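Let me begin by presenting the structure, written as structure tokens, before commenting on it.
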Amino acid sequence: MKRDRSKELFSAAQEVIPGGVNSPVRAYAAVGGDPLFIREASGNVLIDEDGNRFLDYNSSWGPLIFGHAHPRIVGALKAAAEKGTSFGTPTEKEIQLAAQVVNAVPSIETVRMVNSGTEAVMSAIRLARGHTGRDKILKFEGCYHGHADSLLVKAGSGLISLGIPGSPGVVADLAKHTLTLPYNDADKVKELFDREGDSIACLIVEPVAGNMGVVPPQPGFLEALREVTEKHGTLLIFDEVITGFRVALGGAQELYGVVPDLTCLGKIIGGGLPVGAYGGRKDIMKGIAPTGSVYQAGTLSGNPLAMAAGIEMLNLLSEDGVYDDLESKSTTLCDGFRANANKLGVKACFTRVGSMFSLFFTDQEVVDYETVTTCDTDLFRRYFNAMLDEGIYIAPSQFEAGFMSAVHTQEDIQTTLEAQFRALELAVKS
Ligand SMILES: *Cc1c(COP(=O)(O)O)cnc(C)c1O
């Protein structure tokens, strides 16, 4: 497969952009070679600058649950753009999207729009600290909550892939307020809360971990978090930036029936434009400015283009059968992956919740950061490159989720499974 043009562009990019990329996960640090430069995309197909076509299972890292350039989203964007791209005033579209979010997500009574998942989480943490008057926060190893200072502690895929344990530039005096525990270990959480629960402002968790590969919550884990936080007056924050509108219209909180105090959203909510949001109980949310004193603002927050794309995305997702269809296609794909691995005698662990899934090259059951990092990342590197040569695009790291979209067809899935068998065979042999 010819990739000359991507190679040239990557050289040019490195002259003017640090590392040639605007987000480190886009560099192929963990898999070798140069990143693909994508020229255009439509439906579930990416076309790179050399004209190669790839079936896409990365979905721009999750947002594009209805594929690329969906005609209804493009239509909504065109209509909005012609009426002006930003007013710096409230608009009706913001009410419309907020109402859709409030209707869909169980814990959300009011919601504030921001411009990224990072900003949503950062703001929710500030609100939780302001609301409780406490400084400490608890997060889990391998969960990623964006790149705000307090949260870049044992923080998942981007850092694991680059081998960075924490991050220089994060003030130690701030990071010391961030406590971390292993994911899925409810006993350790209870012990910690027995000791110092009354000084913890919030516990933040990805209700399905998606940034160390997909690690589902074990039965009872989320319920235990709800119980212990309630007991100690600690706010429970679900970071549903990936799982929101992905594993169910109401996110993981709908799927597992556990309702947090605050919820962070991003990715899908923007329909492919940069949007984040945080919301929750009214009595907590009223603590942010202008009604409260916890300050948070944004020049382009609630931007009319972003709102138009988000509204149309949620309209599409509200139609009958969308999640059943995603579930059945994802089951077919993951069952096929497993059958291929078995046929080839490859030791692997498969995880899936709805349309997010992972294939881990390990013989262990993956439940937390420690078990995730037992994976054979060399095998993954060969597998990734073999998949690329077969025209299948997955995230360039072992520690990322794969995503099914509503526009993948059963035929695409069969094509993928045949390609995956050949890629896996090659990866194992070489
Ligand atoms: C992607 C992600 C974020 C950060 O969102 P950005 O829009 O990249 O800032 C936060 N939390 C989770 C769970 C994510 O997957």
Side-chain angles (χ1 to χ4, degrees), residues 21-27 58-65 105 112-126 128 137-161 167 178 180 183 202-217 222 225 236-247 251-253 255 260 262-279 296 298 300-301 303 306 309-310 313 351 353-358 369 372 395-397 399-403:
V21 289
N22 278 314
S23 187
V25 295
R26 296 178 196 168
N58 181 49
S59 271
S60 189
W61 303 88
L64 301 180
I65 196 167
V105 184
R112 171 66 61 84
M113 297 294 163
V114 292
N115 306 291
S116 69
T118 293
E119 213 186 320
V121 176
M122 182 185 82
S123 310
I125 298 277
R126 183 182 303 140
I137 65 174
L138 171 62
K139 75 177 282 288
F140 294 99
E141 292 164 13
C143 283
Y144 179 66
H145 301 293
H147 64 85
D149 282 355
S150 290
L151 295 155
L152 271 188
V153 181
K154 299 191 179 171
S157 59
L159 298 115
I160 311 172
S161 303
S167 175
T178 303
T180 59
Y183 195 75
C202 62
L203 184 168
I204 184 161
V205 63
E206 289 182 76
V208 177
N211 284 289
M212 47 178 160
V214 174
V215 180
L222 298 174
L225 302 183
L236 178 62
I237 305 180
F238 275 9
D239 180 351
E240 298 229 39
V241 172
I242 288 189
T243 52
F245 314 107
R246 167 62 65 182
V247 299
Q253 54 198 275
L255 189 66
L262 294 174
T263 299
C264 302
L265 298 167
K267 300 197 167 113
I268 291 175
I269 194 178
L273 270 78
V275 182
Y278 65 108
Q296 180 269 311
L300 292 173
S301 294
N303 172 271
M313 178 63 98
T351 55
V353 177
S355 56
M356 56 192 280
F357 51 84
S358 283
Y369 179 74
V372 158
S397 163
F399 308 111
E400 296 287 356
F403 297 105

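Nothing here was measured: the structure is a model prediction, and the numbers come from that model. Side chains are part of it too, since the values below use all heavy atoms of this structure and drop only hydrogens, waters and symmetry mates. Whatever order the structure lists ligands and atoms in, that order sets their numbers, starting from 1.
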(message) Tell me if a side-chain donor or acceptor on Gln253 pairs with a main-chain N or O of Pro260 at a distance below 3.5 Å.
(response) no

(request) Run the numbers for me: atoms of ligand 1, each under 4.0 Å from some heavy atom of Asn211, listed by number. (result) 12 (C), 13 (C), 14 (C), 15 (O)

(request) Find all atoms of ligand 1 within a distance of less than 4.0 Å from any non-hydrogen atom belonging to Ile242, and give their numbers and elements. (result) 15 (O)

(message) Go through it in stages, so that I can follow the logic: the residues are Gln296 and Arg112, the test is side-chain hydrogen bond (donor to acceptor under 3.5 Å, both in side chains), and I'd like the CA-CA distance, side-chain angles, deciding distance and then a yes or no.
(response) CA-CA 10 Å; Gln296 180 269 311; Arg112 171 66 61 84; 3.0 Å; yes

(request) State, yes or no, whether a side-chain contact exists between Phe399 and Ser358 at a heavy-atom distance under 4.5 Å. (result) no

(message) Can you report which non-hydrogen protein atom sits closest to atom 3 (C) of ligand 1, along with the distance?
(response) Val241 CG1, 3.8 Å

(request) Answer yes or no: is there a donor N or O on one side and an acceptor on the other, between the side chain of Ser23 and the main chain of Arg26, under 3.5 Å? (result) no

(request) Under 4.0 Å from a heavy atom of His145: give me the atoms of ligand 1 that qualify, with their elements. (result) 10 (C), 11 (N)

(message) So, regarding Asp239 and ligand 1 (criterion: nitrogen or oxygen to nitrogen or oxygen, under 3.5 Å), is there a contact or not?
(response) yes

(request) Taking Thr178 for its side chain and Ser150 for its backbone only, find out whether a donor-acceptor pair lies under 3.5 Å. (result) yes

(request) Please report which non-hydrogen protein atom sits nearest to atom 7 (O) of ligand 1, along with the residue it belongs to and the distance in Å to one decimal place. (result) Gly117 N, 2.8 Å

(message) Quick test of your reading of the structure: of Arg246, Glu206, Glu119, Lys267, whose heavy atom lies closest to atom 2 (C) of ligand 1?
(response) Lys267

(message) Suppose I only count heavy atoms of Ser116 and a 4.0 Å limit; which atoms of ligand 1 are within that range?
(response) 7 (O), 9 (O)

(request) Verify, without hydrogens or angle tests, whether Tyr183 (side chain) and Glu206 (backbone) share a donor-acceptor contact under 3.5 angstrom. (result) yes

(request) Could you find the nearest protein heavy atom to atom 9 (O) of ligand 1 and give me its residue, atom name and distance? (result) Thr118 OG1, 2.6 Å

(message) Looking at Gly62, is its backbone amide N or carbonyl O close enough to the side chain of Arg246 to form a donor-acceptor pair, meaning the two atoms are under 3.5 Å apart?
(response) yes

